[in-house]
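Shown next, in structure tokens, is the structure this report addresses.
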Amino acid sequence: MKLPRTTLILILLALGLGSFVYFHEIRGATVQEQIKEQKQKIFSFGEDDVQSLTVNTKKLTLNLERNPESSSKPKWLIKSPISGPANDAIVSYLMDLLVKGNSEPTLSTPAKQLGEFALAPPQATINITLKNRQSHQLILGKSNFNGRLLYAQADPAVKPDGNINVLLVSTDFANAVNRELSEWKQPVDNSQKLPPLTIPNPTPTNSK
């Protein structure tokens, strides 16, 4: 059965329109969403890429290094202000934020205004050194107006116009770094320190 020329043209137009909608609307939206997610990610390195961390807060400067004995526990060691095993759960919490954390759209601001965001001086600074010797830095400031996010800078650099990008990141970063030294240390297993239980021998009684 031969279709009329007009019907055939309409079918071809419908197919063409369908292809246009798919590639420019559906597929295009997916690509744009992927690009958006990539732009929102704070850093692009993975957890296994990190060799050491330095956390600076108003109370503490802490240096952490990956345990060279990769198969042993803990995975992280405290190098200063004391030496000893680190609390893997606490360090992993911070690492997860650094690796998977996203940021809200950036705000371009003059460097002289960083103090308004508590970024100069900062509330806390995290310096990251990778196994390939590359370094990264995350600077944390104060909370935004509704207290849901923190002002921050990631690998801060002055742009050609003299401004610096300010990010908005999760307040979980503040919870992750503002800790006492005792929290960073590996918990002590008290069960291993208990002396063995001894049962005294019963005193023999004289029978009459």
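The basis for the numbers below is simple: all heavy atoms, side chains too, and nothing from hydrogens, waters or symmetry mates.
When all heavy atoms of Asn146 and Leu149 are compared, the closest pair comes out as OD1-N, 4.4 Å. When all heavy atoms of Pro74 and Pro85 are compared, the pair lying nearest together is CG-CB, 3.3 Å. Closest approach of Phe145 and Tyr151 over heavy atoms only: N-OH, 4.5 Å. Minimum interatomic distance between Phe43 and Lys41 (heavy atoms only, all atoms of both residues): O-CG, 3.3 Å. The two residues Leu150 and Thr171 make their nearest non-hydrogen contact at CG-CA, 3.8 Å. Of all non-hydrogen atoms in Ser143 and Gly147, the two that sit nearest each other are CB-CA, 3.9 Å.
Of the possible polar contacts, one joining the Ser170 side chain to the Asp172 backbone as a donor-acceptor pair under 3.5 Å is found. Not one N or O on the side chain of Asn67 forms a donor-acceptor pair closer than 3.5 Å with the backbone of Trp76.
We find the CD-NZ distance between Gln123 and Lys142 to be 9.5 Å, quoted to the nearest 0.5 Å. Distance CG/Asp49 to CE/Met95: 8.5 Å, rounded to 0.5 Å. Considering CD1 of Ile128 and CG of Leu64, their distance stands at 12.0 Å, rounded to 0.5 Å. Taken to the nearest 0.5 Å, the CG atom of Leu168 stands 12.5 Å off from the CZ atom of Arg148. In this structure, OG1 on Thr125 lies 5.0 Å from CD1 on Ile139, to the nearest 0.5 angstrom. The line from CD1 of Ile90 to CD of Gln186 is 12.5 Å long, rounded to the nearest 0.5 Å.
Put simply, Val91 and Leu77 are part of two different groups of oily side chains (I, L, V, M, F, W, Y) that touch within less than 4.5 Å, one to the next.
A heavy-atom distance below 4.5 Å is not found between the side chains of Ile78 and Ser83. Proximity of Gln153 to Leu138: side-chain heavy atoms (C-beta onward) are nowhere separated by under 4.5 Å. For the pair Leu107/Asn165, no side-chain contact is recorded, criterion being any heavy-atom separation below 4.5 Å from C-beta on. Annotation: side chain of Leu130 is in contact with side chain of Val50 (closest heavy-atom distance under 4.5 Å). When side chains are defined from C-beta on, Leu114 counts as touching Ile164, because their heavy atoms get closer than 4.5 Å. Residues Ile42 and Phe173 are in side-chain contact: their nearest non-hydrogen atoms beyond the backbone lie under 4.5 Å apart.
Sorted by first then second residue, the salt bridge (charged side-chain N to carboxylate O under 4.0 Å, His left out) pairs that include residues 114-140, not counting sequence neighbours, number zero. A salt bridge (charged side-chain N to carboxylate O under 4.0 Å, His left out) check over residues 87-114, counting only residues at least two apart or in different chains, returns the pairs Asp96-Lys100.
The side chain to side chain contact (heavy atoms under 4.5 Å, CB included) search around Glu183 returns Arg179, Glu180, not counting sequence neighbours. With sequence neighbours excluded, the residues that form a side chain to side chain contact (heavy atoms under 4.5 Å, CB included) with Pro81 are Leu60, Leu62, Leu181. Every salt bridge (charged side-chain N to carboxylate O under 4.0 Å, His left out) that Glu47 has, sequence neighbours left out, goes to Lys75. The side chain to side chain contact (heavy atoms under 4.5 Å, CB included) test applied to Asn163 returns Ser108, Pro110, Lys159, Asp161, not counting sequence neighbours.
The side-chain contact (heavy atoms from CB on, under 4.5 Å) test with Val177 is passed by exactly one of Leu97, Leu140, Asn56, Leu53: Leu140.
A donor atom on one side chain and an acceptor atom on the other are not found under 3.5 Å apart for Thr57 and Asn178. Between the side chains of Gln137 and Asn127, at least one donor N or O lies within less than 3.5 Å of an accepting N or O.
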Can you list the steps and then say if Leu94 with Ile126 is a side-chain contact (heavy atoms from CB on, under 4.5 Å)? CA-CA 10 Å; Leu94 175 58; Ile126 306 169; 3.9 Å; yes
Please lay out, stage by stage, how Thr106 and Val166 fare under the test side-chain contact (heavy atoms from CB on, under 4.5 Å). CA-CA 5 Å; Thr106 60; Val166 175; over 6 Å; no
